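The block underneath contains the structure these notes are about, expressed in structure tokens.
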2 protein chains.
Amino acid sequence: MPQNRQPSEPRYGNRPTMKDVAARAGVGLKTVSRVVNGEPGVTPDTERRVQDAIEALGFRRNDSARVLRKGRTATVGLVLEDLADPFYGPLNRAVEEVARTHGALLINGSSAEDPDRERELALALCARRVDGLIVIPAGDDHRYLEPEIRAGVATVFVDRPAGGIEADVVLSDSFGGARDGVAHLIAAGHRRIGFIGDHPRIHTATERLRGYREAMALAGLPVAGSWVSLGATAPERVAAAARAMLAGPEPITAVFAGNNRVTVTVVRVLAALPRPVALVGFDDFELADLLRPGVTVIAQDPAALGRVATDRLFQRLSGTALPPTRIVLPTRLIPRGSGELPPHTG
Amino acid sequence: MPQNRQPSEPRYGNRPTMKDVAARAGVGLKTVSRVVNGEPGVTPDTERRVQDAIEALGFRRNDSARVLRKGRTATVGLVLEDLADPFYGPLNRAVEEVARTHGALLINGSSAEDPDRERELALALCARRVDGLIVIPAGDDHRYLEPEIRAGVATVFVDRPAGGIEADVVLSDSFGGARDGVAHLIAAGHRRIGFIGDHPRIHTATERLRGYREAMALAGLPVAGSWVSLGATAPERVAAAARAMLAGPEPITAVFAGNNRVTVTVVRVLAALPRPVALVGFDDFELADLLRPGVTVIAQDPAALGRVATDRLFQRLSGTALPPTRIVLPTRLIPRGSGELPPHTG
DNA sequence: CTGAAAGCGCTTACAG
DNA sequence: CTGAAAGCGCTTACAG
């Protein structure tokens with residue numbers, strides 16, 4: 001016996017269901033399902049009646065129910081650092097576009113660089129049964145995802161590798177990019193070059209530092225401890241680090257900035273100096289060419305990161321049984337002026 | 001009689017269900033549900049056994065099923081123009097943060113300024129039964145959402161009003177902002193001021209043009225037809241429009257740029273000119289202060305737009321029966337140099 | 001404190 | 001061509 005009371009909470013605002021459509025059209029439930037899904041085997045006349053009932057009632061299929069039965073949600077989850085960070089915008093959009101070609105929607109959220117929040121968000125997405133998960137790691141231990149991956153959630157890490165588990169990952173060539181950027185400064189004549197980067201817990205930060213050291217070593221140049229500073233990318237911290245390197249008896253004549261946020265702060269510091277200081281920054285950013293001098297950068301392709309990662313995700317979802325792979329995308333040096341300044345010999 | 005065959009497609013990769021947990025723990029289904037949801041009325045010993053079974057099996061509740069039964073998905077849908085556009089980043093993040101305080105996740109997607117795609121996406125979100133929908137309109141006819149709204153989907157429009165339906169909307173004061181920005185240029189001595197804006201189909205574009213005309217009229221200044229150009233924000237179109245206004249016998253001495261993308265292109269055009277031309281742009285953007293001269297802007301608060309809209313959405317979801325409201329947020333003039341340049345009398 | 005039955009709105013696997 | 005029954009994995013509304 002069906003319940004005829006009002007439910008305690010409105011159920012989707014009392015929307016009509018296929019059952020309602022079937023009743024109104026005078027057909028069976030399955031026939032409505034056939035029409036709604038464009039399946040064959042319905043006479044034009046029957047289809048007409050069903051369509052009329054659908055319009056009259058304002059019926060829209062509840063995909064939430066469909067999904068439960070079908071076992072796939074046609075949804076991809078994306079955990080990134082900050083939805084407001086312009087660096088991730090093109091990546092986000094690229095993931096959306098690839099997902100769209102596969103008929104999937106995108107649920108995304110920010111970890112705010114907090115490993116606990118990353119975990120919470122990733123697991124919430126798993127509870128929603130996203131078909132696949134793309135994660136830009138905030139933390140360095142992803143063993144919490146092991147049961148989910150084993151249970152079939154396709155997972156791809158982007159921008160930074162996963163910690164403690166084997167999984168697909170798509171990276172930019174942080175090491176090579178930084179090495180080339182620093183070599184570019186060395187080629188312009190610099191010998192005392194500073195490196196300001198993100199927190200050492202971040203994989204890209206240490207890789208870029210490694211690239212810096214490699215370039216210096218290849219050129220036979222020493223690296224003073226005071227020329228290297230890793231830490232938060234908060235403007236105050238970065239500005240203080242830059243000023244410290246620029247002071248003293250043997251000041252640096254050039255800076256390599258470890259990412260876009262560091263670069264912007266360094267540009268501000270340098271703009272206030274009387275003497276020119278060379279700068280190469282990791283990551284391209286809008287208007288870099290309009291500053292005076294234009295800012296020379298090592299450009300990543302964030303959209304390509306997203307595209308390649310999502311392609312990989314859907315390869316996994318189609319059942320390809322490949323071993324976890326690390327894909328490294330190349331970077332590109334864009335000279336614009338700041339990286340070609342010669343050392344100022346004061 | 002239950003089916004014991006393999007399902008044709010893997011069902012969420014054969015994840016354990018509450019039934020599996022119940023069987024392993026030797027308890028009823030409802031008891032597992034109580035433990036998973038932290039409901040009272042379970043002895044510590046029973047709870048222990050259930051927890052052990054959950055861990056052993058790697059069980060994670062299927063929220064997709066839960067949602068079907070509960071009638072609310074704890075999901076908010078956001079349709080914006082382009083996930084990659086830096087202007088919408090802070091708005092996106094603000095929506096996420098407010099949703100998060102209400103325990104809701106965010107599904108978002110780009111309309112790419114295509115009304116059909118906006119509609120398709122919004123309706124797909126409704127089919128997923130998002131509890132609420134936040135839309136940055138691409139089109140100007142939203143009657144397609146009428147049945148959805150009637151069926152209980154809370155809907156709030158942001159940045160631009162809905163077309164053809166009554167609904168909540170949260171806007172920036174485009175008219176007042178543009179009027180003030182143009183008045184600022186007039187106060188600096190300009191009499192021939194150009195206006196370059198987005199496509200006239202976009203509500204904010206026509207409102208800002210209206211503000212421009214108002215300021216000119218208030219100052220008793222005529223507006224030549226050749227000083228106004230609305231259209232695509234593609235750099236080629238905008239640059240051509242700017243160059244045309246700057247040429248001729250009576251060239252403009254100042255430009256009001258209708259949005260951030262227009263502003264950036266105009267900055268490039270002006271940078272190539274021998275004489276200084278004043279500029280005020282609608283929308284703030286990163287590094288505007290680092291350019292020479294710094295770019296004077298009418299700043300909106302995109303994060304506030306997102307926050308206010310999402311607050312409104314959850315007010316609706318809590319059942320408040322208010323009439324549809326239009327909320328207009330103020331803008332702020334930020335003088336940085338470009339808007340204070342006097343007219344160049346060549 | 002505990003659990004069996006019914007149901008959320010669909011699709012699947014049949015049978016006619 | 002059409003539809004009744006069972007089931008997806010949960011929660012609800014009971015009854016013990």
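Proteins get letters first, then strands, A, B, ... in listed order; numbering begins at 1 in each. From a predicted model like this one, the values you see are computed outputs, not experimental measurements.
Here the shortest heavy-atom pairing between B:Asp159 and B:Tyr88 reads OD2-OH, 3.4 Å.
Mapped onto DNA chain D by nearest heavy atom, B:Lys30 and A:Thr46 fall at different nucleotides, with A:Thr46 at the one closer to the 5' end.
When the P atom of C:dC8 is taken as reference, atom CZ of B:Arg69 falls 6 Å away, rounded to whole Å. Atom P of nucleotide D:dC10 and atom CZ of A:Arg66 are separated by 21 Å, given to the nearest angstrom. Computed from coordinates, the B:Arg72 CZ to C:dG9 P distance equals 15 Å when rounded to whole Å. Here the C1' atom of nucleotide C:dG9 and the CG atom of A:Leu57 are 15 Å apart, to the nearest Å. Residue B:Arg61 contributes atom CZ, which lies 19 Å from atom P of D:dC8 at whole-angstrom precision. Rounded to a whole Å, the CG atom of B:Leu68 is 6 Å from the C1' atom of C:dG9. For the pair B:Met18 CE and C:dG3 C1', the interatomic distance rounds to 14 Å; values are reported in whole Å.
Nucleotide C:dA13: unpaired (no Watson-Crick or G-U wobble partner with both distances less than 3.5 Å). Under the Watson-Crick and G-U wobble criteria, each requiring two contacts below 3.5 Å, nucleotide D:dA4 is left unpaired.
Side-chain contact between A:Leu322 and A:Arg316: present, with at least one pair of heavy atoms (C-beta onward) separated by less than 4.5 Å.
Judged by atom type and distance alone, B:Arg34 reaches the base of C:dG3 through a side-chain donor-acceptor pair under 3.5 Å.
Residues A:Ser33 and A:Glu39 have side chains that never bring a donor and an acceptor to within less than 3.5 angstrom of each other.
Out of C:dA6, C:dC10, D:dA4, the shortest distance to the side chain of A:Phe59 is found at C:dC10.
Across all strands shown, B:Asp63 has no heavy atoms under 4.0 Å from either base or sugar-phosphate atoms.
Taking the six-membered ring where the residue is Trp, B:Phe157 and B:His142 present perpendicular rings, their angle passing 60° and hence far from 30°.
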